Amino acid sequence: MKLYFTHPHRSDTFQADVAPECTGAVALQGLIDAKFLDPPGQGGYDLALARTGSPIGPNATLASCGVQEGDTINVLRRGSGA
Amino acid sequence: MDSTFFSRERAAGYEPERLAATRALLVGAGALGQNCAISLTLCQIGELCVVDFDRFEPHNATRSPCFPSQRDSARWGNSKAEIVARKLAELISWSESPRISYLAGPIQEFGDAPFRNATVVISAVDSNRARAYIASMCKKHKRPLVEGGFDGPDVSLSVLANNPRGPCWLCHQAMELHDQLRVSCTARAMQAEQDGFVPATQPAAAAIGALMAEAVIQVAHGNDEVLNRRVYLNTRTARVATIRLTMDQDCQGRHDWPDEVSFWVTLSNEARGGDLLKELAKRMPGPRVMLPHRFIAAAPCAGCGRPVEIKRPDWALSNNPLCVGCGGPWQRCNGGTDGSPLLVYSTLDQDSPLLDLPLGAIGIAPGSVLEAEDLNDHTAMFGISGTVSSTLVYGGDV
């Protein structure tokens, strides 16, 4: 299915064809491999389905999180420094 | 206090009585913790306990509102927990609230008591291992958790109710929890953290510190709207996103903590592992205690691989897993340089070599709640009477 991933800092999006069985972790790694995202470093990234604001966990499949064709997935930067 | 003292706060929707009933445990007195603590102190919450094992260093100054002057250091030393507690107390010299205390050491050392005493816990630590520990203790004791962190201008803030059937901080986490027993892994994790570390800025720390303080206040007011959500904010672009946290069926954290403590045992301050088993044996046959942290008798140095004697809970390794020869605190013991075995214990029973060790050395602090199994595989939660004494309690005029 065709999905749109938002960047945590920039306004551009990354369009990708992703299998519904793809997990959150695999999707994130794909975005890093495609150079859309920098390596996570200390903090890490989270994914959330823009339509519902619900998280897409690393081990959850996109389908199990209710992701549908044409959805937008927000990529969010999680902080870990203090 | 006269009736106008809290007039601004009441107009803003705060109820001073609810704030006064709030007992906050703040773990981490760095930039984030200090900025959060200042707001909570000025807002007059009832109690604030500051916990940190670290000491102030010169590079902390530009993002530390409580950074000590030379005179402060001469009077009070350099412990972050103590300095921050004393500076906060100075800040509210006009009030008897909050009652401020501090614990200078790793949070794991103090066991369950600080969590049990708190009505809300604030996690402001910079290690995911520590975050995971704090989150698991909050889940165990069903305490609301306000947790934050930043990565340069990016900040995130989570508020978790920690109800039995709700999400915990570990739900939906991509984090890999490094095993602290494998010290070489720990060393790699530390290096990775150092490689990716983006230092705090004061504006980011102030922004998220304020958000965390407000979250604590809303939790105190019973505002369910703030619970089980995570906020992401970029302090440069002011871009904000919020997600609603849900329970992860595959969560690696424990969710099934029992509601009740079956019984309490009373032990002296000098009690050892064997003394605890004797007390338990009065209530359950052949008790076996699940240690709160795995006990490491020996492990390889993360630098040279030579075996070192640890005899401490696993968390004691995380800050410096090196032998004395490599600049660490641990004494070498006999053995080769390769494949030195880990000698680890996760339970305490009659056959355990830990019987003669003081409970503190095994990682069992006063006021802790633990699990034990008997000969018939029945499991019970039990508590150890006592509490961790805070080193300093401030209140009133100072």
Side-chain angles (χ1 to χ4, degrees), chain A residues 3-14 18 21-33 36-67 71-82, chain B residues 27-34 36 123-128 130-131 147-158 167 171-176 192-201 204-205 208-209 229-234 236-237 239 241-246 248-252:
Chain A
L3 300 176
Y4 301 89
F5 292 87
T6 66
H7 193 277
H9 300 140
R10 305 191 306 260
S11 57
D12 57 324
T13 58
F14 187 88
V18 186
E21 298 77 28
C22 176
T23 64
V26 170
L28 266 177
Q29 190 57 52
L31 295 170
I32 294 166
D33 292 344
F36 180 64
L37 298 175
D38 293 328
Q42 190 190 24
Y45 295 107
D46 291 334
L47 296 177
L49 177 57
R51 185 163 42 80
T52 61
S54 55
I56 299 170
N59 301 319
T61 65
L62 299 179
S64 71
C65 295
V67 177
D71 265 335
T72 297
I73 310 291
N74 289 331
V75 182
L76 304 159
R77 186 81 171 127
R78 182 163 19 92
S80 72
Chain B
V27 189
L32 182 52
Q34 290 171 53
C36 179
S123 169
V125 297
D126 62 2
S127 144
N128 277 336
R131 274 191 177 84
E147 175 273 334
F150 48 66
D151 188 46
D154 290 307
V155 302
S156 59
L157 155 74
S158 311
C171 285
H172 305 294
Q173 286 281 9
M175 183 179 61
E176 182 182 342
E193 289 193 2
Q194 286 163 7
D195 290 345
F197 183 69
V198 179
T201 60
I208 189 170
R229 70 176 188 174
R230 181 170 293 141
V231 178
Y232 303 82
L233 166 68
N234 184 285
R236 286 185 191 149
T237 63
R239 187 172 164 180
T242 302
I243 65 170
R244 184 64 63 179
L245 298 172
T246 54
D248 180 358
Q249 299 302 329
D250 299 319
C251 178
Q252 57 189 314

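The structure presented is a predicted model; accordingly, all values stated were derived computationally and were not measured. By convention in this document, chain letters (A, B, ...) are assigned in the order of the sequence lines, proteins followed by strands, and residues within each chain are numbered from 1.
When D250(B), V125(B), V155(B) are compared by the number of non-hydrogen pairs under 4.5 Å with chain A, V125(B) comes out ahead. Per-residue counts of heavy-atom pairs under 4.5 Å with chain B were compared for G53(A), A60(A), S54(A); the largest is that of G53(A). Note on S80(A), G24(A), G57(A), P8(A): by heavy-atom pairs under 4.5 Å with chain B, the leading option is S80(A).
In plain terms, the two heavy atoms of I243(B) and A48(A) that are nearest each other are CG2-CB, 3.4 Å. Nearest heavy atom pair, residue S156(B) against residue G79(A), reads OG-N, 2.9 Å. The heavy-atom pair separating A124(B) from A82(A) by the smallest distance is O-CB, 3.2 Å.
Neither the backbone nor the side chain of P39(A) comes within less than 4.5 Å of any heavy atom of chain B. Neither the backbone nor the side chain of R229(B) comes within less than 4.5 Å of any heavy atom of chain A. Heavy atoms of A31(B) lying under 4.5 Å from chain A belong to its backbone as well as its side chain. Contact of D248(B) with chain A is not made at all, since no heavy-atom distance falls under 4.5 Å.
Atom CD of Q249(B) and atom CG of N59(A) lie 13.0 Å apart (nearest 0.5 Å). Rounded to the nearest 0.5 angstrom, T237(B) OG1 and H9(A) NE2 are separated by 7.5 Å.
Side-chain N/O atoms of Y232(B) and D46(A) include a donor and acceptor closer than 3.5 Å.
When the options R230(B), R244(B), H172(B) are evaluated for a side-chain contact (heavy atoms from CB on, under 4.5 Å) with P55(A), the one that passes is H172(B).
Atom CZ of R236(B) is surrounded by 12 or fewer heavy atoms from other residues, nucleotides or ligands within 6.0 Å.
Distance alone, capped at 3.5 Å, places no donor-acceptor pair between the R78(A) side chain and the G149(B) backbone.
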